[in-house]
S.K.: 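To start, I am sharing the structure in question, which I have written as structure tokens.
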2 protein chains.
Amino acid sequence: MNFREKHNLTHQLTHDLGMEVVKGNYAVGGGLPSEADICSLYNVSRSATREAVKMLSAKGLITSRPKQGIRVMPEHNWNLFDTDVLSWILSSKPSIQLLHEFTQMRVAIEPQACALAAVHANAEQLRNIEDALNRMRDADNGLDDPLEADIAFHTSILEASCNRFFYQLTNFIATALRVSIRYTNKIKGVHGADVLKHQHILDTIKSRDSESAYKASKEILDEAIELIETQFVERTISVPVVNAD
Amino acid sequence: MNFREKHNLTHQLTHDLGMEVVKGNYAVGGGLPSEADICSLYNVSRSATREAVKMLSAKGLITSRPKQGIRVMPEHNWNLFDTDVLSWILSSKPSIQLLHEFTQMRVAIEPQACALAAVHANAEQLRNIEDALNRMRDADNGLDDPLEADIAFHTSILEASCNRFFYQLTNFIATALRVSIRYTNKIKGVHGADVLKHQHILDTIKSRDSESAYKASKEILDEAIELIETQFVERTISVPVVNAD
DNA sequence: AACAATTATTTAAATGATAAATAAGAAACC
DNA sequence: GGTTTCTTATTTATCATTTAAATAATTGTT
């Protein structure tokens, strides 16, 4: 999926090992094969192995120490906001539960980003949001990709928040939207009235109405959450009370 | 500061190079010294260099390709939620501006986490929050470290949100609090009434009152933001006026 | 039983050699 | 002249081997 997968041997190996870890094929705290074993398992040299291990440890998935070997770190150490880690998790164990968590995070981030954008966005950033909205309109008429246009809209707002931490979440939000579409847009008809709602967000930001911008964004996301939660119930109902939680 | 700094040669080099990049000592898109040059500059072998480069590229700071060399990635690619990257940025260019952005993110995250905790927290997680609150009380009487107790409280709520993305932000929030204390607690008297406010958060979570939990948390953070913003103004104003006395 | 010393295993680091990728310049071509 | 294709030089990528350092497990001592 990612262009980095086949970029080179080290990246390939990083990807393969990362997937193995994320899939839970090695016990937490337990251990991966030793450096030497990985070399023979994957038929690669020591340096390729070491570099892959370093990359994974940089992403918080594993640690490696002499004599102890290579160990899986507890999940809360994994850097979930890393694009690779995120995509490995999504491709190895996609679930509505995960989408739900994703969207809860969006509920936290995006309305706040809109509020900040209303205060801080400069002329160029406003234009970018507007451009993205126009792409959504085009998409509605079959002239652009609806998903990409949608992503561009939400991304442009994050950028306009003028807060580097919010902007950093671009990839996260984009991924959330890409996953989301798999589930939700199958049910809900694509766009149409959605453009109007997004237009409303832009309007509130333009008019520097921070509070309304927050609300406008929150409204859309609350709908998304609701949609997911109904899905949630439908799918869990078929299983006899697995987990009350 | 981090125990990893002196962990071993590769980590040391990763740290040193990471700091250089974050400080802006190399132009974005421009380039770091070549592999060979880094080796001689830092007096390390190629394997150490390569592994450090891989770690930094895993964190999104740089890329390296044959013939092209090692290049600094644009800042929005940096993984700001990575503990190392965050600490490098903080130690190289700390600023109230950055603290402000930090706290804006907290405003987005924490109230939402409280709301989720009110819905999802189990008995053990509630107990953990309570324990942390008791530590804050102890701290108020000089029996515990106030900062660490505060961090424990906020962290325990993130965990109780039962959302792995929120929980992931533990380190981020902890770092934010640690930085925060440098600025804000110098002015504001330490704790006292704060314990009551935190108690209130716990109460709302315990009584499963999601909305009140949200508000209780938001209130504290809005105060923090306000405090930072007054600081912000004071410091920018005082540039031309050397000394008001 | 508690502690100290030894050993064996595994990663860490250095070195050297070859392969692959690619930016830049040279040559051929229209 | 301008475009394309080929060559070359540089740099990272990969492999192989050796030595060092760290440390878990074992053994020996008191």
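To find a chain, count down the sequence lines: A is the first, B the second, and so on, and within it residues start at 1. Here the structure is a predicted model, which is why all the values come from computation and not from measurement.
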S.K.: Whole angstroms only, please: what is the CE-P distance between B/Met55 and C/dA13?
M.R.: 11 Å
S.K.: A/Leu9 has an atom CG; how far is it from atom C1' of C/dA21, in whole Å?
M.R.: 14 Å
S.K.: Under 3.5 Å, side chain of B/Lys59 to main-chain N/O of A/Ala58, donor-acceptor pair present?
M.R.: yes
S.K.: For D/dT14, does OP1 or OP2 lie under 4.0 Å from any side-chain N or O of A/Thr10?
M.R.: yes
S.K.: Are A/Lys54 and C/dA12 close enough that a side-chain N or O sits under 4.0 Å from OP1 or OP2?
M.R.: yes
S.K.: Which of the following nucleotides, C/dT11, D/dT11, C/dA23, is nearest to the side chain of B/Gln68?
M.R.: C/dA23
S.K.: Answer yes when B/Glu148 and B/Arg135 have at least one side-chain N-carboxylate O distance shorter than 4.0 Å, and no when they do not.
M.R.: no
S.K.: Please determine whether a side-chain nitrogen or oxygen atom of A/Arg65 lies at a distance below 4.0 Å from atom OP1 or OP2 of D/dT23.
M.R.: yes
S.K.: If you take any heavy atom closer than 4.0 Å to DNA chain D, which residues from residues 38-53 of chain B end up in contact?
M.R.: B/Arg46, B/Arg50
S.K.: How about A/Met105 and A/Ile173: do any of their side-chain heavy atoms sit closer than 4.5 Å?
M.R.: no
S.K.: Between A/Phe153 and A/His198, what is the ring plane arrangement, given parallel below 30°, perpendicular above 60°, and tilted in between?
M.R.: perpendicular
S.K.: For the pair B/Phe102 and A/Phe165, name the ring-plane relationship: parallel under 30°, tilted 30 to 60°, perpendicular over 60°.
M.R.: tilted
S.K.: Give me the ring orientation class for A/Phe81 and A/Phe172: parallel if the planes are under 30° apart, tilted from 30 to 60°, perpendicular past 60°.
M.R.: tilted
S.K.: May I have the distance from A/His11 (atom NE2) to C/dA21 (atom P), rounded to whole angstrom?
M.R.: 15 Å
S.K.: Of the nucleotides C/dT9, C/dT11, D/dT12, which has the atom closest to the A/Lys67 side chain?
M.R.: C/dT9
S.K.: Measure CZ/A/Arg71 against P/D/dA24 and give the value in whole Å, please.
M.R.: 8 Å
S.K.: Find the distance B/Glu35:CD to D/dT14:P and express it as a whole number of Å.
M.R.: 11 Å
S.K.: Between atom CG in A/Leu13 and atom P in D/dA13, what is the gap in whole Å?
M.R.: 14 Å
S.K.: Can a side-chain donor-acceptor contact be found between B/Gln12 and B/Asp16 if the only test is distance below 3.5 angstrom?
M.R.: yes
S.K.: Give the rounded distance in Å between these two atoms: CD of A/Gln12 and P of C/dA20.
M.R.: 17 Å
S.K.: In whole angstroms, how far is the P atom of D/dT14 from the NE2 atom of A/His7?
M.R.: 10 Å
